Amino acid sequence: MEGKVYQGGEDYEKEFSPRDYLDTFYNFDSGPVAEREIIKFSLQSLHQTFSVGGIRGDVLIDIGTGPTIYQLLSACEVFREIIVADYTPQNLQELQKWLKKEPGAYDWSSIVQHVCELEGDRSRWQEKEAKLRRTVTRVLRCDVTKTPPLGSAQVPLADCVLTFLAMECACLDVETYRAALRRLADLLKPGGHLVTMVTLCFQHYMVGPKKFSGVYLEKETVEKALQDAGCQVLKCNCVPLKYSQAFCEGLCFVVARKGLSA
Ligand SMILES: C[S@@+](CC[C@H](N)C(=O)[O-])C[C@H]1O[C@@H](n2cnc3c(N)ncnc32)[C@H](O)[C@@H]1O
């Protein structure tokens with residue numbers, strides 16, 4: 001319906017089109033320059049963290065994965081197992097299409113090639129795709145507004161929890177956001193890392209013709225929420241990049257570490 005604003009998990013389940021989302025925000029070759037620059041910033045940040053920065057381990061859990069895999073391309077080289085989770089069944093279906101190499105799966109090859117170039121060998125992109133497909137062992141439903149966020153699924157404590165551009169969509173106010181980050185920290189081993197990309201001062205974004213909103217977050221709110229969830233912020237890199245199809249003030253890439261006694 002024109003003028004309607006959608007928000008939160010149930011609206012995602014009813015109204016969110018994974019294909020519209022991918023076509024709008026992840027068309028690396030011929031999409032808007034603004035979106036391309038943001039993908040590059042994300043990929044570079046992830047490369048620095050996982051390929052160069054030495055964050056590695058057994059298990060990584062990605063929360064609010066959506067229909068996307070770009071955020072896992074560096075991590076799949078340094079974690080034994082990746083578990084992905086999202087609220088929205090159609091996002092998980094879209095993701096499974098790519099994981100199972102089904103017809104009509106989204107073509108991530110340009111983005112995979114870009115990551116391989118950052119790693120020094122653009123030509124090994126098919127090898128990386130195969131590696132990621134092997135490393136993702138489970139595709140789960142989750143709801144970060146509930147305790148526990150992964151429902152009855154039994155998962156090991158993670159060395160890393162990743163969440164990209166999802167908490168500000170899942171949570172409608174700052175208190176819910178703070179509680180969601182505490183739930184994500186609960187998924188981590190002591191000393192494990194929480195790695196997140198947040199849209200700053202987020203108001204809404206367009207998925208095809210539909211407008212989705214979420215919670216307005218400032219850098220200080222994100223840092224405080226992480227600290228209050230028992231994590232030390234190791235890196236907080238904010239940039240004034242803006243989407244052409246979203247209303248926000250920039251992006252913030254954050255790496256935090258859960259305390260050893262938390
Ligand atoms: C903007 S998309 C981000 C997708 C992907 N991580 C990326 O980087 O493009 C927001 C995601 O949050 C998910 N989401 C919405 N409500 C949620 C909830 N309560 N719990 C977990 N995920 C939720 C949506 O299904 C959607 O996949």
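Everything numeric here is computed off the predicted structure, so don't read it as measured data. In listed order, ligands and their atoms are each counted from 1.
Grouping Ile, Leu, Val, Met, Phe, Trp and Tyr residues whose side-chain heavy atoms lie under 4.5 Å apart, directly or via other members, leaves Val33 alone, with no other cluster members. If you chain together ILVMFWY residues whose side-chain heavy atoms come under 4.5 Å of each other, Ile83 ends up grouped with Val59, Ile61, Ile63, Leu140, Val144, Leu150, Val155, Val161, Met167, Val174, Tyr177, Leu181, Leu184, Leu187, Leu188, Leu194, Val198, Val215, Leu217, Val222, Leu226, Val233, Val254.
Using the six-membered ring where Trp is involved, Phe253 and Phe41 have ring planes that are perpendicular, over 60° apart on the 30 and 60° scheme. Taking the six-membered ring where tryptophan is involved, the planes of Tyr106 and Trp108 are perpendicular, since the angle between them exceeds 60° and thus also 30°.
Annotation: ligand 1 has protein neighbours Gly9, Tyr12, Tyr21, Tyr26, Gly64, Thr65, Gly66, Thr68, Tyr70, Asp86, Tyr87, Thr88, Asn91, Cys142, Asp143, Val144, Phe164, Leu165, Ala166, Cys169, Ala170, Tyr205, each with a heavy atom less than 4.0 angstrom from the ligand.
In Lys128, the NZ atom is crowded: over 12 heavy atoms of neighbouring residues, nucleotides or ligands sit closer than 6.0 Å.
Within the structure, every pair that satisfies the ring pair (Phe, Tyr, Trp, His ring centres under 6.0 Å) test and touches residues 46-72, not counting sequence neighbours, is listed here: Tyr26-Tyr70, Phe50-Phe79.
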